[in-house]
Every structure is written in C-alpha cells, then in structure tokens.
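Input: a single structure, listed below in structure tokens.
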2 protein chains.
Amino acid sequence: MDERTVPIKAAKVSFDVIEALREREGAGVSELATALEMPTSTIHDHLRTLEQQGYLVKEDGEYRVGARFLELGEQARSRKKVYGIARPEVDSLAEETGEHANLLIEEHGLGVFLYKARGEDAVNLDTHAGMRVLLQTTALGKTILAYRPREEVEAILDEHGLPEITANTVTDRDELLDELETIRERGYALDDEERVQGMRCVAAPILSDDQEAIAAVSVSGPRSRMAGDRYTEEIPELVLRSANVIEVNMTYS
Amino acid sequence: MDERTVPIKAAKVSFDVIEALREREGAGVSELATALEMPTSTIHDHLRTLEQQGYLVKEDGEYRVGARFLELGEQARSRKKVYGIARPEVDSLAEETGEHANLLIEEHGLGVFLYKARGEDAVNLDTHAGMRVLLQTTALGKTILAYRPREEVEAILDEHGLPEITANTVTDRDELLDELETIRERGYALDDEERVQGMRCVAAPILSDDQEAIAAVSVSGPRSRMAGDRYTEEIPELVLRSANVIEVNMTYS
DNA sequence: GATAGAATCCGGCAATGGCGGAAATAATAT
DNA sequence: ATATTATTTCCGCCATTGCCGGATTCTATC
C-alpha cells in the first residue's frame, strides 16, 4: 500500500488542521485555509467538528488546541513503564549536574521526549515533553539507534534522511554507522552541537533483557560547561549510573 | 444546528476510536469494533490511518494511543499563562500540606486538571493531569462556577446534568446555586466526599481583573486528616494565600 | 454608517467512507 | 504436525457525505 495515501482522508485533514493550530499556537479559519491550501468552508467544517467534540477551543476569536489532548498524552506517557521508573532518576540527574536531563523514547522512527527536568543552571532550550526529533541528531537518539538491528537503522534513515541541522550534524550514513559501533563499545553517546548550536549532550541507553534500547537518558548543557573531563568522564559516569539504576528497576518491579 | 450531528462524521469516528483506545489502554480491531458497534473493516480503516499518521502505535499486536499526543497536550497546557505561574505555587502547597495539590481550568463546561503535585503523605488517587471532571462535583469546579454568570452556570448544568457520583454529591440545582453564593461570600469552596468517597478538598479561585475565575487551586486529602481546624481554617488559609500569589503574578508579568 | 475582511451557512455533485465478504494471518486446540 | 478458530487485513461496490463555490452573516475599522 502506498505510504502517502490513507484510507480515511477526512481524518488526515482534521489532524493536519490540528497540527497547523499547534504550530501557530492558535489561528483563524482563513489563516488555516491559506496555509493548508483548502477552501475556508472545508476548514470550517473540520474546525467545527473538532470544537464540538471538545478537542479544540475557541478563544478570542481564534481556534486553539484544547487541553483535552492532555488526557491522551498523559495516558500515552504513563502507560510506558519506563516513565514512572526513570522519572526520579532524571530528576536527580538534573539536580546533581544543574543542567537539563532528559528521557527519550522512539516512536515511528523519531525520538520523542517523554520527560525532561531542569537543573539550577539550565539554559533556556527549545525542548519540551512530547517534542519529536530526528534520532541521528541527538545523543539520545543515537544510543537508541546503536542498539537496533542494522536493517532497522537503515529503514529509519531511508525514511527520514540525514539532513544537516547544524554544521556538526552527521550527514554521512557510513560515518553514522561507525559512530553507532563506537557507542555500543563504550556504552554511551555524545552530541557535540549536532542539533543545537552551542549545546552538548551525553546520553546512555536503557536496555531491556534482550539488549534492545527501550529508551535513553541524557544530560545536556552549553559547550562552555560541558567540556574537558566533565564532558568525557564525570557526566558520562553519572548518566551511565542512572541508566543502570533504571534498567535494574525495570527488571525487578 | 443539532448538537449531536457534526459536519465531518469520519473525524468523529476516528476520535471515538482514539478515546476507546485510551479507556482500554490499548486494544485490537475486533475488540474496538464490538465496543463501538461498527464493522471491523471500518475500524481497521481508521486505525490504519491514525497509525500511519503517527498518532497510534502498534505494540504487541495491539493498537495504542501514541506519545505524539503529548506534543499536543503539552502545547495546550503551556500556552495557558496560568500554568507557568501557578505551577511552583501548587508544588509548594503540596509540600507544605503533604497532600495532593491541584490546578484546574474549565473547558467546554468541564473541569480539566492542568497540573497536580503530590505531597509526602498523599494517598493514591485516580486524578491525573488532563483528567476531566464535572465541575459541580469538586471544590475546584464549584469555585470556578461561583464566579461565572448565572446563565452560564445554568447552561453548563443543563448540558451535563447533576448526577449523583457519591452519596454526598449535590444533585439539587437550587442547593448548588446557594452553595455558589456561599463560596463567593467566603472566597473558597469545600468538597466533602462529593466526588470520591473518603476524600475532602479545599479550593480557591484564581480571578482575573474582571472577576472571572480563570482557574482554581486546591488541596485534597483523606477525611481523617482533612478535619477540624485544619479543614476549615489552616488549609483554606494556605489555599487562599496561594491563589492570591498567583493572581498577583498573573497581573504583573 | 460605510467598507472590508473574516467567519458561517447552504446546496449540489463527485469522491470516498462505510460496509459485507473474502483472503491472509495469528492463536489455539487437537 | 494439523485442524480449527479467532483476528486482522484486503477488496470492490454503493450510498453517503465530505468538499467546494458562492451567498450570507458577522465583526472589526475607518
């Protein structure tokens, strides 16, 4: 079946509308109609349906994504066993380092931040729970890829490509595969300004019994602080220790 | 226009499928088809579409709500100014009392928990972020209703009714309206096992400049601990103080 | 109060969502 | 292993309905 065509086109349009609203943080009928290149009447039909069903709200003459999605999102998150177990560990990682600490899972070939904690000195960042990122562009994602079978990695790269996000993003497939090998050997991954200028990151996988990475934890901060021994020894040690604690708790609970 | 009929029926069906999946925490095609009384082929069409679009995941032969909804939910939440401002206050309420502390907003005539914090001694509860509740059945909801115009309150009651959730739920419309009057007078609301057996709750509104309740904060705990002066004086004082701090910060930021 | 822009409403028609039934796949029993 | 049953997926028809253009109403702004 063609990947581009879906059985229920109307549902796709509705979600396109929802995503457009999310990106814009609210919008009117005609603005959306222009953006999605559809008649205002059609967009209006979808907006009205979604509002009536309680998924959108109309505030200040604008349609916005409603808090109802929170219920769906929270359910998706809390159903993941790793979330409950990793959460306190991510919190203490953030506290110990003063930086951002994150928990990422893979879904549909993309990384999804399940949770993030901010330490005392954490810089302002674009990341937030629910945010999706290309796996290759983060230390978190690379650790997950490292413990996936080669053919699955290839499939993910085929689907999402290797775009250059910053000057340091790995854009060569073989180079990436080599790096995944290195990650497997030393047990953790580094990200040196590969997704965000000036930000470095250290991540370790949370492995299941059969050596699959079900998630990854990380610490990320500005290059100035993530340097020297701290970047190559202290932080990796902390992150590995956390990942290990989570792994153990996953097995025995 | 008839409230029951929507322009895009297919979108409604898709969301019915999603909600059914949420309730069941995952399900198969035929299980859903039975529950929604629709042919398996139709349900399958919707599931496939939603999975292909990245909103559902297929794990262990079951369809489940995907973490992608987290992105929508988080966006809906963080766009609310009150969330960012109230969050630290709710945290400290939970810490000071050792109980649950909550932040609720109104949407489509229902209460939605935007945030909740657990204190040290907090009991296990069914509430979670994103959860929706009838406004009349919680102290939080009643405070919000208390600061809405009478006709709006009537409309909400007409739409959602006054079902008896526990033995203590207020089911009489006039009795409720009287209570709202009392709440306006003293500035906070009480919930004495009206939604959950054994649980009591104290809530205060967060008022905008024009005296509309844009949200409410509360502390809730077991009847045994929420009694005497603590229930009628100490906790109300704490909750009112928090609500006030939030109000001030809402105006000056 | 006039004007422009945006949001609704409405009705027709082609597209497509819904459906039954068949085929494929998975699970279970024999 | 093999048969049996349950579940999922595929397929094509047909009536429904989603989509659209255009008219109308609403809402700002001058």
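Letters A, B, ... are given to chains in the order of the sequence lines, protein chains preceding strands, and every chain is numbered from 1.
- Two residues are said to be in side-chain contact when any heavy atoms from C-beta on lie closer than 4.5 Å; A:Leu70 and B:Leu114 meet this criterion.
- Within residues 37-47 of chain B, the residues that place at least one heavy atom under 4.0 Å from DNA chain C are, in residue-number order, B:Pro39, B:Ser41, B:Thr42, B:Asp45, B:His46.
- Ring orientation note: the planes of B:Tyr55 and B:Phe69 are tilted relative to one another, at an angle of 30° to 60°.
- Remark: the backbone N or O of A:Ala11 is not paired with any side-chain donor or acceptor of B:Ser14 at under 3.5 angstrom.
- Using a 4.0 Å cut-off between charged nitrogen and carboxylate oxygen, B:Glu25 and A:Arg79 do not count as a salt-bridge pair.
- Not one side-chain nitrogen or oxygen of B:Lys58 sits closer than 4.0 Å to the OP1 or OP2 atom of D:dT7.
- At a threshold of 4.0 Å, the pair A:Arg173-A:Asp158 counts as salt-bridged, since one of the basic side-chain nitrogens sits closer than that to a carboxylate oxygen.
- Put simply, CD1 on A:Ile8 is 11 Å from P on D:dC19, counting in whole angstrom units.
- Taking 4.0 angstrom as the limit, A:Tyr63 places a side-chain polar atom (N or O) nearer than this to OP1 or OP2 of C:dT8.
- Remark: the backbone N or O of B:Ile246 is not paired with any side-chain donor or acceptor of B:Glu89 at under 3.5 angstrom.
- Under 3.5 Å, the side chains of B:Thr138 and B:Asp191 contain no donor-acceptor pair of N or O atoms.
- Ion pairing between a basic and an acidic side chain is recognised when a charged N comes within 4.0 Å of a carboxylate O; A:Glu71 and B:Arg132 show such pairing.
- The side chain of A:Ala10 has C:dG17 as its nearest neighbour among C:dT8, C:dG17, D:dT17.
- Listed nucleotides: D:dT17, D:dC19, C:dG18. Nearest to the side chain of A:Val13: D:dC19.
- The NZ-P distance, from A:Lys9 to D:dT17, rounds to 18 Å in whole Å.
- OP1 or OP2 of D:dT17 has not a single side-chain nitrogen or oxygen of B:Lys12 nearer than 4.0 Å.
- Applying a 4.0 Å cut-off to non-hydrogen atoms, the residues of residues 22-32 of chain B that approach DNA chain D are B:Gly28, B:Val29, B:Ser30, listed by residue number.
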